[in-house]
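Everything below concerns the one structure shown next.
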Amino acid sequence: MATERYNPRTSEPRWQKAWEEARLFEAKNDDPRPTYYVLEMFPYPSGRIHIGHTRNYTMGDVVARYKRAKGFNVLHPMGWDAFGMPAENAAMQNKVHPKEWTYQNIAVMRDQLKMMGLSLDWSREFATCDVDYYHRQQMLFLDLYEKGLVTRKTSKVNWDPVDNTVLANEQVIDGRGWRSGALVEQRELAQWFFRITEFADDLLEAIDTLDQWPEKVRLMQRNWIGRSEGLLVRWELVPETAPQGESELKIYTTRPDTIFGASFMAIAADHPLARKAAENNPELAAFIEECRRTGTSAAVLETQEKKGFDTGIRVRHPFDPNWTLPVYVANFVLMDYGTGAIFGCPSGDQRDLDFARKYGLPVIPVVMPEGADAATFEIGDEAYTDEGMMINSRFLDGMSNKQAFEEVASRLEKQMLNGAPVAERKVNFRLRDWGISRQRYWGCPIPMIHCEACGIVPVPKQDLPVKLPDDVDFDKPGNPLDRHPTWKHVKCPKCGGAATRETDTMDTFVDSSWYFARFTAPHADTPIIPEVANRWLPVDQYIGGIEHAILHLLYSRFFTRAMRRAGHLNLDEPFKGLFTQGMVVHETYKSEDGRWLAPNEVRIENTETGRRAIEIATGKPATIGSLEKMSKSKKNTVSPEDIIDSFGADTARWYMLSDSPPERDVEWTDDGAAGAHRFIQRVWRLVNEAVPAITGVAAKPAYEGDAAAISKAAHKALKVVSEAIESLAFNRAIAHVHAFVNVLQGQLSGVSAGSPEEVRAAAREAVQILIQIIAPFMPHLAEECWFQIGGEGLVAAAAWPEFDPRLVVDDQIILPVQINGKKRGDLTIARDADQAAVEQAVLGLDFVKSALNGAAPRKIIVVPQRIVNVVV
RNA sequence: GCGGACGUGGCGGAACUGGUAGACGCAAGGGACUUAAAAUCCCUCGGGCUUCGCCCGUGCGGGUUCGACCCCCGCCGUCCGCACCA
């Protein structure tokens with residue numbers, strides 16, 4: 001009797017409904033079992049789920065289903081990162097309200113996710129644009145404001161004068177706004193900031209505790225925070241060269257040891273001293289203007305020539321009052337790092353060297369490599385930046401440069417200038433405070449009020465939420481909140497006088513910096529319920545793309561600390577385990593005349609000599625291009641719906657995890673998907689063919705079968721698959737399932753209802769194990785199979801089987817035998833055979849005898865249960 | 001420039017802590033079943049040779065070791081992150 005093919009189209013919706021009705025995936029906060037929180041980075045509702053999402057959520061789902069089966073109270077929620085610019089762009093382009101656009105997208109994407117059969121707790125779903133959510137975010141904001149973690153200060157921003165808005169650095173392309181194409185201006189603007197730098201040290205040090213994070217991400221965060229230890233040094237200006245009222249220049253250096261190699265000072269174009277000096281120096285003013293115009297994008301910096309302009313100002317060397325150095329304005333000095341001023345030591349820094357050569361400044365070698373000769377050591381085209389011994393440095397000569405650092409620091413700390421020490425030690429960070437003001441509509445309103453009499457006044461908590469008005473228009477550029485006729489006009493909560501609301505909204509990264517905590521009590525009146533959050537958090541396994549390695553993860557780490565300070569929870573680190581998954585990539589295709597072609601516009605032919613593509617519409621050959629991340633522009637996309645339509649969700653889930661390690665990119669191919677689908681049918685057949693033997697419905701002639709072999713195969717598979725899932729090695733888990741099915745298929749063929757009870761029991765257990773270990777990956781197929789064998793309840797609710805340790809080891813093992821390190825044969829021997837027994841057995845092997853040729857072996861190395869090596 | 005990761009068949013990749021290299025899958029070739037196709041099943045599948053077996057082989061060149069994809073030294077290549085950070 002031929003088994004009917006498994007039909008995902010009817011099966012999958014049926015089981016999805018069964019799970020939903022059983023409310024299997026809803027986590028209870030008062031469930032006494034140990035908690036396990038698995039979270040995938042929530043999606044932006046851009047319109048449709050793409051294949052990258054499905055890979056991400058499938059990984060999380062495998063973990064969630066596995067942990068649930070292992071007896072954990074699993075929290076696996078889903079929501080929407082729903083504020084952001086695309087909604088406003090859609091509003092401008094398509095005349096649809098951002099709110100409507102967003103919620104429509106959410107509705108579509110929710111349905112798509114549901115088709116994937118993900119074991120999500122939908123009862124906790126929220127979108128960050130829900131009033132309920134941003135209301136609590138405003139509460140949090142005020143709490144952090146009270147704790148002094150929110151400040152307002154002016155900073156330089158990229159200003160698009162056509163769209164009337166601030167642009168992020170990423171939105172400035174070749175100095176122009178990405179939308180308007182207008183030349184971007186640098187403007188000083190008052191902005192709201194979170195004081196992330198307050199935690200800089202802690203955020204850096206705690207990276208060491210994140211031992212379940214990828215090393216790569218930890219490194220990126222370390223570099224981003226960018227701690228350096230150095231010295232702030234005040235240099236005295238030579239009075240007759242100094243602008244009115246200026247007497248010193250403060251610089252930051254990490255190399256005070258090279259102070260005797262100094263030959264110039266360089267300050268940023270925006271440095272106050274530069275501005276002052278330019279007041280009666282039109283040429284300098286022009287140079288400063290030029291520096292400002294040239295942008296700060298990486299591409300510009302790459303090619304830009306190092307330029308300087310002598311201000312005429314001179315400084316005195318702190319260790320030699322007769323030694324004066326020129327002060328240049330230089331285009332490579334950044335105002336917002338250190339003090340915006342440096343001393344240049346050409347012999348010890350390549351950039352300073354280039355600068356010195358260009359302007360004819362002295363180059364004094366002060367550090368030389370170990371073993372070099374001080375009399376002859378010279379600097380040519382390359383600066384010497386490594387460690388070494390001090391030369392040409394007076395009292396430092398002969399010291400290591402590390403000792404010299406200390407010596408200079410301690411001397412300058414004691415030396416006085418204008419009544420204060422010349423230098424102080426200073427730890428400096430690359431990390432800046434987090435500017436969160438956005439001049440946009442579709443974001444969380446910042447709950448602040450500007451009163452002319454009282455200044456900045458927070459919105460009283462009882463007046464929250466500050467709701468976004470619905471009646472806005474996007475016909476004109478700029479912030480609709482700002483030009484709304486009534487919204488911003490309020491009474492001052494303090495004095496009752498006329499005042500205006502803050503019209504900036506928050507950076508959407510704020511929304512995603514605490515959503516993982518909100519999921520623990522998504523309907524609470526307070527942002528977080530501390531007892532509940534403390535119980536669930538930290539997230540045990542967080543899964544998402546490497547593109548969030550810095551910003552989102554760093555902001556969330558900051559927020560967790562900030563929320564702790566405000567008493568909302570009691571932990572520092574939000575994510576215990578982090579996993580960054582690779583992308584889904586696809587080949588690209590181009591037609592003969594150079595148009596991009598979508599995968600469904602070409603036909604692929606596999607031949608003995610290779611693969612070729614034909615454009616279906618024209619019948620002409622197409623070229624197969626490189627693997628790329630799926631993108632609309634290259635048309636190399638495959639939609640999750642199409643895959644589910646033709647193969648079902650289980651195929652998509654299985655294939656997505658099967659070939660490549662999860663942290664690497666996976667290539668989507670039709671052949672691969674078809675292969676995954678074939679495997680589904682194979683499992684389906686295997687189970688169905690085993691049903692008569694298992695359930696004993698039909699009697700057939702007895703076939704002996706091998707109960708022990710069946711049980712061993714099953715328990716070994718159970719062990720290795722469990723281990724692979726635990727370590728998120730999904731591709732390995734799948735390979736082991738394949739291998740198990742190969743063995744099981746051989747062992748079960750012929751086993752029937754007439755086979756000995758012992759064999760039938762082993763078969764029953766083996767099939768059950770098979771179904772359970774595939775269930776996290778292919779939950780629908782597993783349910784259907786479970787039903788076929790008369791399994792109790794839903795397999796999604798079944799406990800994970802425990803492997804029997806006695807069944808995963810063999811009594812007899814096959815030991816590879818090497819001669820001089822090369823394998824020459826095998827030895828079958830009892831697993832517990834001792835060294836002597838193994839040696840004796842090995843010496844009795846024919847190929848060993850002939851290799852020895854009568855002589856005694858020089859040595860026999862026995863690695864128990866691994867290998868034997870006979871050294872001849 | 002600085003920092004990091006990686007390099008294994010036609011392809012994706014396995015290989016536990018230094019112990020049988022190429023598991024598992026895809027593609028390809030051959031065969032069975034079929035009127036035919038699909039589906040399914042079986043066999044082959046790193047290279048070479050004097051083919052019941054032997055030699056070579058994990059980017060390249062050395063080294064350590066009884067034994068190296070794995071450890072060490074030196075190269076080459078690819079990818080990623082940061083990037084005028086004082």
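All chains are named by letter (A, B, ...) in the order of the sequence lines, taking the proteins before the strands, and each is independently numbered beginning at 1. As the structure is a prediction and not an experimental result, all values here were calculated from the model.
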> If anything within 90° of 0 is syn and all else is anti, what is B:G9?
Replying inline: syn
What does the list of N/O pairs under 3.5 Å between the protein and nucleotides 55-57 of chain B look like, with a distance for each?
| residue | atom | partner | partner atom | Å |
| --- | --- | --- | --- | --- |
| B:C55 | OP1 | A:R824 | NH2 | 3.1 |
| B:C55 | OP2 | A:R824 | NH2 | 3.2 |
| B:C56 | OP2 | A:K822 | NZ | 3.0 |

What nucleotide, of [options], holds the atom closest to the side chain of [X]?
{"X": "A:H738", "options": "B:C84, B:C24, B:G19", "answer": "B:C24"}
{"X": "A:T253", "options": "B:G3, B:A86, B:U20", "answer": "B:A86"}
{"X": "A:R430", "options": "B:C41, B:U20, B:A83", "answer": "B:A83"}
{"X": "A:W224", "options": "B:C66, B:C82, B:U40", "answer": "B:C82"}

>> Just to verify, what does A:D659 make a salt bridge (Lys or Arg N to Asp or Glu O under 4.0 Å) with, not counting sequence neighbours?
In response: none
>> Just to verify, what does A:R357 make a salt bridge (Lys or Arg N to Asp or Glu O under 4.0 Å) with, not counting sequence neighbours?
In response: none
>> For a quick test of reading the model: is some side-chain N or O of A:R678 closer than 4.0 Å to OP1 or OP2 of B:G25?
In response: no
> Any side-chain N or O of A:Y252 less than 4.0 Å from the OP1 or OP2 oxygen of B:A86?
Replying inline: no
Roughly how many Å is it from [atom1] in [X] to [atom2] in [N], rounded to a whole number?
{"X": "A:I813", "N": "B:G19", "atom1": "CD1", "atom2": "P", "answer": "16 Å"}
{"X": "A:N688", "N": "B:U40", "atom1": "CG", "atom2": "P", "answer": "15 Å"}
{"X": "A:I624", "N": "B:A27", "atom1": "CD1", "atom2": "C1'", "answer": "13 Å"}
{"X": "A:D257", "N": "B:A86", "atom1": "CG", "atom2": "P", "answer": "13 Å"}
{"X": "A:Q581", "N": "B:C80", "atom1": "CD", "atom2": "C1'", "answer": "16 Å"}
{"X": "A:Q350", "N": "B:A86", "atom1": "CD", "atom2": "P", "answer": "15 Å"}

>> The criterion is ring-ring contact (aromatic ring centres under 6.0 Å, His included); which residues satisfy it with A:F355, sequence neighbours excluded?
In response: A:F264, A:Y328, A:F332, A:Y359
> In what stems does RNA chain B take part, counting only runs of at least 3 consecutive Watson-Crick or G-U pairs whose two distances fall under 3.5 Å?
Replying inline: B:1-7 with B:76-82, B:10-12 with B:24-26, B:28-32 with B:40-44, B:46-49 with B:53-56, B:59-63 with B:71-75
>> Checking A:S727 now: which residues fulfil side chain to side chain donor-acceptor pair (under 3.5 Å) with it, not counting sequence neighbours?
In response: none
>> Can you list everything that forms a side chain to side chain donor-acceptor pair (under 3.5 Å) with A:R255? Sequence neighbours excluded, please.
In response: A:D257
Hey, can you pull the donor-acceptor pairs under 3.5 Å for the side chains in residues 224-234 of chain A, sequence neighbours left out?
| residue | atom | partner | partner atom | Å |
| --- | --- | --- | --- | --- |
| A:R227 | NH1 | A:D201 | OD1 | 2.9 |
| A:R227 | NH2 | A:E229 | OE2 | 2.5 |
| A:S228 | OG | A:Y252 | OH | 2.9 |
| A:S228 | OG | A:Y337 | OH | 3.3 |
| A:R234 | NE | A:E248 | OE1 | 3.4 |
| A:R234 | NE | A:E248 | OE2 | 2.8 |
| A:R234 | NH1 | A:L417 | O | 3.4 |
| A:R234 | NH1 | A:A420 | O | 3.2 |
| A:R234 | NH1 | A:P421 | O | 2.7 |
| A:R234 | NH2 | A:E248 | OE1 | 2.8 |
| A:R234 | NH2 | A:L417 | O | 3.0 |

>> My understanding is that only one of A:L827, A:V838, A:I860 makes a side chain to side chain contact (heavy atoms under 4.5 Å, CB included) with A:V817; could you say which?
In response: A:L827
> Can you name the side chain to side chain contact (heavy atoms under 4.5 Å, CB included) partners of A:S631, sequence neighbours left out?
Replying inline: A:S633, A:K634, A:N636
>> Can you list everything that forms a side chain to side chain contact (heavy atoms under 4.5 Å, CB included) with A:R603? Sequence neighbours excluded, please.
In response: A:E605, A:I614, A:I616
> Base, sugar-phosphate, or nothing: which does A:V871 touch, judged by heavy atoms less than 4.0 Å apart?
Replying inline: sugar-phosphate
> Which nucleotides of nucleotides 4-17 of chain B have their base under 4.0 Å from a protein heavy atom (B), which only their sugar-phosphate (S), and which neither (-), written as one string 5' to 3'?
Replying inline: S-------BSSSB-
> Does the distance from a Lys or Arg side-chain N to an Asp or Glu carboxylate O, for A:D208 and A:R222, drop under 4.0 Å?
Replying inline: yes
Identify every side-chain donor-acceptor pair in residues 861-872 of chain A under 3.5 Å, counting partners at least two apart or on other chains, and give the distances.
| residue | atom | partner | partner atom | Å |
| --- | --- | --- | --- | --- |
| A:N869 | OD1 | A:N820 | N | 3.4 |
| A:N869 | OD1 | A:G821 | N | 2.9 |

